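This structure is a prediction, so every number in the text was calculated from the model and none was measured.
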Amino acid sequence: MEKTDIVGNMENMDNRSRLLQCANELFYEKGYDAVGVQEIVALAGLTKPTLYYYFGSKKGLLEALVADRFARLREMYQGLSGRENLRIEEALNWLADIFCAFFEQDRHFYMLMMALFYSARGNEAYQTIQPYMVEFYDMVVQVFDRAADQLGNMHGRQRQFAIGFVGTISSYFLLHYEHDPGECERVDRQQISALVRQFMYGIFS
């Protein structure tokens, strides 16, 4: 995203939201470690004391960004509550649709979230994202837990299936959309459904 686009999108934001948005874009573009506080506040048109007032530090800013964005995913996931009787393919399509909506809402944060999880384990960015990613995978594990009676060959492999499912959907986002900025904003749900069917074939075979 161009700097002018970011600034244009922030016209009606309060200072805290401006800083979160600028941090999101800069961390995505350059990586957490490569971005300094001065660069964030310069893009936001604010000052360092303003950032420190709201977040205390760059790490505090990242923590607030992750908490804010992940809360949206958590809220979307609540729609699965009370749907314990869904067949596993229906549940996975529902879950995939949630991930698609989350990606469409803020694809830069989705990619940032994945990148931070694969960063060095001693890095403060990894330590910030790690508990959220555990929750992210646990959301998928719960879907497989509820479908245990439908998957006779599960044998305690719920977490293994969850890792495979998240990897399948996230790899599609990365490879199909991230390398083609001209793609439409919405994810092709038919292709996602085809991936879910392919995944289902693999776990039932």
Side-chain angles (χ1 to χ4, degrees), residues 1-35 39-41 43-46 51 54-55 58-80 93-119 124-140 165-189 191-192 195:
M1 181 177 290
E2 296 292 334
K3 179 177 179 179
T4 53
D5 294 332
I6 299 171
V7 173
N9 291 338
M10 295 191 304
E11 287 181 354
N12 296 319
M13 292 182 181
D14 60 28
N15 289 345
R16 185 179 187 278
S17 297
R18 289 168 73 91
L19 288 165
L20 288 172
Q21 182 63 24
C22 288
N24 188 40
E25 298 301 333
L26 288 171
F27 293 159
Y28 163 78
E29 290 287 348
K30 299 184 176 183
Y32 175 77
D33 291 331
V35 176
E39 188 171 6
I40 297 169
V41 298
L43 183 57
L46 300 170
L51 185 149
Y54 284 109
F55 305 108
K58 187 176 82 165
K59 182 174 184 288
L61 175 56
L62 177 64
E63 290 171 343
L65 173 65
V66 174
D68 177 76
R69 300 301 196 266
F70 200 86
R72 302 176 187 177
L73 176 62
R74 193 180 291 121
E75 183 177 353
M76 293 176 185
Y77 181 75
Q78 295 307 310
L80 273 173
N93 271 301
W94 183 278
L95 189 60
D97 194 60
I98 291 171
F99 290 170
C100 288
F102 185 55
F103 178 77
E104 289 167 345
Q105 189 177 87
D106 192 343
R107 62 180 62 193
H108 287 179
F109 177 75
Y110 193 105
M111 293 304 177
L112 173 64
M113 178 177 72
M114 291 297 170
L116 294 181
F117 190 57
Y118 287 101
S119 59
E124 66 183 24
Y126 168 78
Q127 293 167 0
T128 298
I129 200 69
Q130 192 269 346
Y132 292 94
M133 290 302 295
V134 169
E135 183 179 350
F136 182 71
Y137 279 97
D138 281 346
M139 290 176 180
V140 188
F165 182 77
V166 171
T168 297
I169 302 300
S170 297
S171 294
Y172 175 78
F173 292 159
L174 175 63
L175 297 174
H176 190 72
Y177 287 91
E178 186 66 3
H179 295 299
D180 189 351
E183 281 283 355
C184 63
E185 290 299 311
R186 287 189 58 78
V187 176
D188 187 331
R189 296 303 201 272
Q191 292 194 42
I192 292 296
L195 285 174

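In terms of the ring pair (Phe, Tyr, Trp, His ring centres under 6.0 Å) criterion, Y54 has no residue partners (sequence neighbours excluded). By the side-chain hydrogen bond (donor to acceptor under 3.5 Å, both in side chains) test, Q191 is found to be paired with Y172, D188, residues two or more places apart in sequence or in another chain being considered. Y126 is linked by a side-chain hydrogen bond (donor to acceptor under 3.5 Å, both in side chains) to R121, counting only residues two or more places apart in sequence or in another chain.
The two residues E39 and A34 make their nearest non-hydrogen contact at OE1-O, 4.2 Å. Taking each heavy atom of A125 and L116 in turn, the nearest pair found is CB-CD2, 3.7 Å. Considering all non-hydrogen atoms of both residues, Y28 and M111 come closest at CE1-CB, 3.9 Å. The nearest pair of heavy atoms linking I40 to A23 is CG2-N, 4.2 Å.
Within the model, atoms CZ of R18 and CG of L43 stand 9.0 Å from one another, a figure rounded to the nearest 0.5 Å. In this structure, CD1 in I129 is found 9.0 Å from OG in S119, a value given to the nearest 0.5 Å. With rounding to the nearest 0.5 angstrom, the CZ atom of F70 is 6.5 Å from the CE atom of M113. To the nearest 0.5 angstrom, L19 atom CG is 12.5 Å from N24 atom CG. In this structure, CG in L20 is found 6.0 Å from CG in L65, a value given to the nearest 0.5 Å. In this structure, L73 CG and F109 CZ are separated by 9.0 Å, a value rounded to the nearest 0.5 Å.
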Given the rule in the side chain to side chain contact (heavy atoms under 4.5 Å, CB included) test, do M114 and M133 qualify, once you have shown the distances and angles that lead to the verdict?
-> CA-CA 8 Å; M114 291 297 170; M133 290 302 295; 3.9 Å; yes

Assess whether side chain to side chain contact (heavy atoms under 4.5 Å, CB included) is satisfied between H108 and F27, documenting all intermediate values.
-> CA-CA 9 Å; H108 287 179; F27 293 159; over 6 Å; no

Would you check, one step at a time, whether the test side chain to side chain contact (heavy atoms under 4.5 Å, CB included) holds for F165 with F99?
-> CA-CA 11 Å; F165 182 77; F99 290 170; 4.2 Å; yes

Evaluation steps, side chain to side chain contact (heavy atoms under 4.5 Å, CB included), between I169 and L95 | CA-CA 10 Å; I169 302 300; L95 189 60; over 6 Å; no

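Separation of the Y110 and F173 ring centroids falls under the 6.0 Å cut-off. For Y77 and F136, the ring centers sit 6.0 Å or farther from each other.
Relative to the six-membered ring of Y32, K58 meets both conditions, a distance below 6.0 Å and an angle of at most 45° to the axis.
Using a 4.5 Å heavy-atom cutoff, the side chains of R74 and E135 are in contact. Residues E63 and F55 are not in side-chain contact: their nearest non-hydrogen atoms beyond the backbone lie 4.5 Å or more apart.
Ion pairing between a basic and an acidic side chain is recognised when a charged N comes within 4.0 Å of a carboxylate O; R189 and E104 show such pairing.
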